[in-house]
Each structure stands twice: as structure tokens, then as C-alpha cells.
Amino acid sequence: MMLFYIAAAFLTCVLIVVLYRFWKMKLTRRSLATLLLECDFERANVEVQKVFQIMKSTAESEDTSVAIKDELYGALFKFFRNPCFETARPVLEISPELLPY
């Protein structure tokens with residue numbers, strides 16, 4: 001139970017940071033493209049997979065499951081198989097809270 005609360009607190013902090021960054025930078029599609037051009041896609045791939053692995057293990061320990069939108073699942077599947085600009089952009093458009101990774 002404690003691990004679930006730790007994961008929830010971590011994801012809440014990530015969301016707060018992301019919302020602050022969006023507010024501060026007034027992120028547009030053009031600036032998103034600029035950020036993606038500077039991205040280390042292999043590292044981002046590893047970090048995002050870690051987040052989802054933590055969510056999965058937390059859910060398993062709590063005997064629950066993790067729900068992910070179908071469009072996000074499809075975009076993540078493509079990104080995990082081929083981490084690059086073209087596969088990262090749809091993931092961030094669907095789920096901008098992943099931007100820090």
C-alpha cells in the first residue's frame with residue numbers, strides 16, 4: 001500500500017512540474033519540435049519505460065491494474081520499438097506530462 005502512495009506522489013509531482021513548465025514556456029507545437037530536436041530519445045525511452053514499470057509493479061503489489069488510453073498505448077508501443085522524433089511527437093501530444101522524460 002505504501003508503494004502505491006509513493007508512486008502516486010511521484011506522478012503528482014511530475015504532473016505539477018510539467019504544468020508549471022507549460023505555463024512558464026507557453027509551449028506551442030513549434031517549441032515542442034524544438035525540444036524534441038534536442039532530446040536524447042534512447043534515454044527518454046528508458047526513463048518512460050521505468051515510470052510504466054513502477055506503475056505496473058505498484059498495481060501488481062496492490063492487486064489492481066493500470067489503465068492506459070488506447071491511443072497512448074499505441075503511440076508508446078511505436079516509440080518503445082523505435083525511439084525517434086517521429087514517434088516521440090505523438091506520445092507528447094497525447095500525454096504532455098511525459099515531457100520531462
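We're numbering straight along the sequence, starting at 1. Predicted, not measured: the structure shown is a model, and the values here were computed from it.
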What donor-acceptor contacts under 3.5 angstrom involve side-chain atoms of residues 71-88, with partners at least two apart or in another chain?
from : atom 1 : to  : atom 2 : distance (Å)
T87  : OG1    : N82 : O      : 2.6
T87  : OG1    : C84 : N      : 3.2
T87  : OG1    : C84 : O      : 3.2

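Atom OG1 of T64 is separated from atom NZ of K56 by 12.5 Å, given to the nearest 0.5 angstrom. Within the model, atoms SG of C39 and CG of N45 stand 10.0 Å from one another, a figure rounded to the nearest 0.5 Å.
Of the possible donor and acceptor atoms, none in the side chain of S95 sits under 3.5 Å from a partner among the backbone N and O of V91.
Taking the salt bridge (charged side-chain N to carboxylate O under 4.0 Å, His left out) definition, one finds that K50 meets it with E47, sequence neighbours left out.
Nearest heavy atom pair, residue I54 against residue T58, reads O-OG1, 2.7 Å.
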